[in-house]
Number of protein chains: 2
Amino acid sequence: MKQNKKNCDLKSCTMCKQCQHDWLPALDANRKSFHFKKGEQLFIEGEEVKGMYFISKGLVKVHKRWSDEKELILRIARDGDIVGHRGLGADTVYPVSGTAMEPTDVCYIDLSFFNSTLRTNPDFQYNLLMFFAAELKESEKRMRNLAHMNVKGRIANALLYLQNKFGKDANGYINLSISRQDLASYTGTTYESLFRIMNELSTEKAINTDGKKTQILNAALLQEYIEQS
Amino acid sequence: MKQNKKNCDLKSCTMCKQCQHDWLPALDANRKSFHFKKGEQLFIEGEEVKGMYFISKGLVKVHKRWSDEKELILRIARDGDIVGHRGLGADTVYPVSGTAMEPTDVCYIDLSFFNSTLRTNPDFQYNLLMFFAAELKESEKRMRNLAHMNVKGRIANALLYLQNKFGKDANGYINLSISRQDLASYTGTTYESLFRIMNELSTEKAINTDGKKTQILNAALLQEYIEQS
DNA sequence: CGATTTATTGAACGTAGTCAATTCGGGTGG
DNA sequence: CCACCCGAATTGACTACGTTCAATAAATCG
């Protein structure tokens, strides 16, 4: 990671821009601007909590380890999202890691200043509270799905969720470039299982202009998989 | 459920008692006192959010349905805990249900008043925020465990967690009376699987003074199961 | 062009879920 | 007090899903 001169814009943060703007200058004075290359880690599970990150531009996966080779991706954050907030609370170590999936620019706010800013801006605190409430709901829904849906259903579900969250590009593809390995980690399954099921799900394939093959998902099958699970 | 005359005590709420006490009278004026019998539901998944519950005395499971016969227990709340807070946020329906596992007395606060009290007491809002942060951490840890641990490990884990949370009584038993069905739902497995594994885990059995049999868990095995998974 | 990683497929294995049968224990009513 | 009944406990057998391992093919990179 490297600190750069480029000014990140806190107003692009979904949570900040709904707040009274008279506090932003103070926040602005305390921010640092960082750039992370693809694959670099913003914060690491088990390390001391240092601060919060507001993503100006990029993509960050938040993941949690299990044993040496397994992990679960908890969330995929992008422009305007906040990450590192799981470091809040009594515990002073990050319970999760954050890794850039693309080159990513962030605003960084020191934890102690972040904490004090909560007190001075109840609006922001309220927004953050609502954000946590939404995250908790989502987390518990996924937890139930992990417990009771089969892999087909979880994959179908994840694809629809990601399509809904990231939208579609001009070609109708999901506006998110993610490796199969990451998609497997996101749905809580193995690379091989994901591979096989993705094949079942794509009844047709397209050849892109660059010569690469793209799988085209069958919407009806997606629905079917969810219902069967 | 029935509203009773008995005064519930908001100061017994873990979150309230850390706050400035000058707002408590206002909160106090807006509370209602309810009693729920074992098995009665405080709130139901899918229903309109009405308010928050502070448990004065009792035990409440928070659970989420999957299909008609399956559910996942997300949390077991007791004296001093708050439930119904998952109703906060943009969505106006409860994403989960709350059911009394024992006769339970609660303080009930109307949602609209609860929301306004957040604004007037930043301390309380801050405590609630930290509470949500802790819940989210816990939820995500369990999510990862559901994804990667096997059933043995999850059960062993859950038993240790519950022992840690509810403590042990004079006989060394976990201070929580929970049905096997509920324990299965809590660990995300079936009644039968839980049964078999609990048998494996208890290398000896005790006959209580009342003639009932009690399973005595083998601590070493618990540890082993967690490590193997 | 060789080397090394990533994709693809097959086969086997084990875990845990499902179904069904039986037993047990504790009421309840005759 | 006994016969009956019901739900919970207990156990066995079977099955299926998904992981794991291994082998091959394809692609990427220096």
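Because the structure is a prediction, the values reported are computed rather than measured.
A donor and an acceptor atom, one from each side chain of B/Gln215 and B/Asn199, are located under 3.5 Å apart.
Judged as a side-chain hydrogen bond (donor to acceptor under 3.5 Å, both in side chains), and not counting sequence neighbours, the contacts of A/Tyr225 are A/Glu200. Legend: residues meeting ring pair (Phe, Tyr, Trp, His ring centres under 6.0 Å) with B/Phe195, ordered by chain and number and at least two apart, are absent. Taking A/Asn164 as the reference, nothing meets the side-chain contact (heavy atoms from CB on, under 4.5 Å) condition, with sequence neighbours excluded. A/Asn171 meets the side-chain contact (heavy atoms from CB on, under 4.5 Å) test with A/Asp169, A/Tyr173; sequence neighbours excluded. B/Asp182 meets the salt bridge (Lys or Arg N to Asp or Glu O under 4.0 Å) test with B/Lys61; sequence neighbours excluded. A/His63 meets the ring pair (Phe, Tyr, Trp, His ring centres under 6.0 Å) test with no other residue; sequence neighbours excluded. Applying the salt bridge (Lys or Arg N to Asp or Glu O under 4.0 Å) test to B/Asp91 and every residue at least two apart in sequence or in another chain returns nothing.
Salt bridge A/Asp79/A/Lys57: present, at least one basic N to carboxylate O contact under 4.0 Å.
Among the atoms of the strands shown, none is found under 4.0 Å from any heavy atom of B/Ser179.
Direction change of the helix axis from one end of the helix from C/dC1-D/dG30 to C/dG30-D/dC1 to the other is 30°, with five pairs defining each end axis (rounded to 10°).
The aromatic rings of A/Phe114 and A/Phe54 sit tilted, their planes meeting at an angle between 30° and 60°.
Legend: side-chain hydrogen bond (donor to acceptor under 3.5 Å, both in side chains) pairs involving residues 128-142 of chain A, not counting sequence neighbours, sorted by first then second residue: A/Arg75-A/Glu135, A/His85-A/Glu135, A/Arg86-A/Glu135, A/Ser139-B/Ser139, A/Glu140-B/Arg86.
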B/S/- along nucleotides 7-15 of chain C (protein heavy atoms under 4.0 Å) is SBBBB----
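Atom CG of A/Leu146 is separated from atom P of C/dG17 by 14 Å (rounded to the nearest Å). In this structure, the CG atom of B/Leu194 is 12 Å from the P atom of C/dA16, given to the nearest Å.
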As a quick check of understanding, evaluate side-chain contact (heavy atoms from CB on, under 4.5 Å) for B/Ile226 and B/Leu160, giving each step before the final call. CA-CA 10 Å; B/Ile226 291 178; B/Leu160 289 176; 3.5 Å; yes
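Boundaries of the chain A contact region on DNA chain D are D/dG18 to D/dC21, first to last in 5' to 3' order (nucleotide atom under 4.0 Å from a heavy atom).
Within 6.0 Å of atom CZ in B/Arg65, 12 or fewer heavy atoms from other residues, nucleotides or ligands are found, so the atom counts as exposed in its surroundings.
If you check residues 219-226 of chain B against DNA chain C, you find no residue with a heavy atom closer than 4.0 Å.
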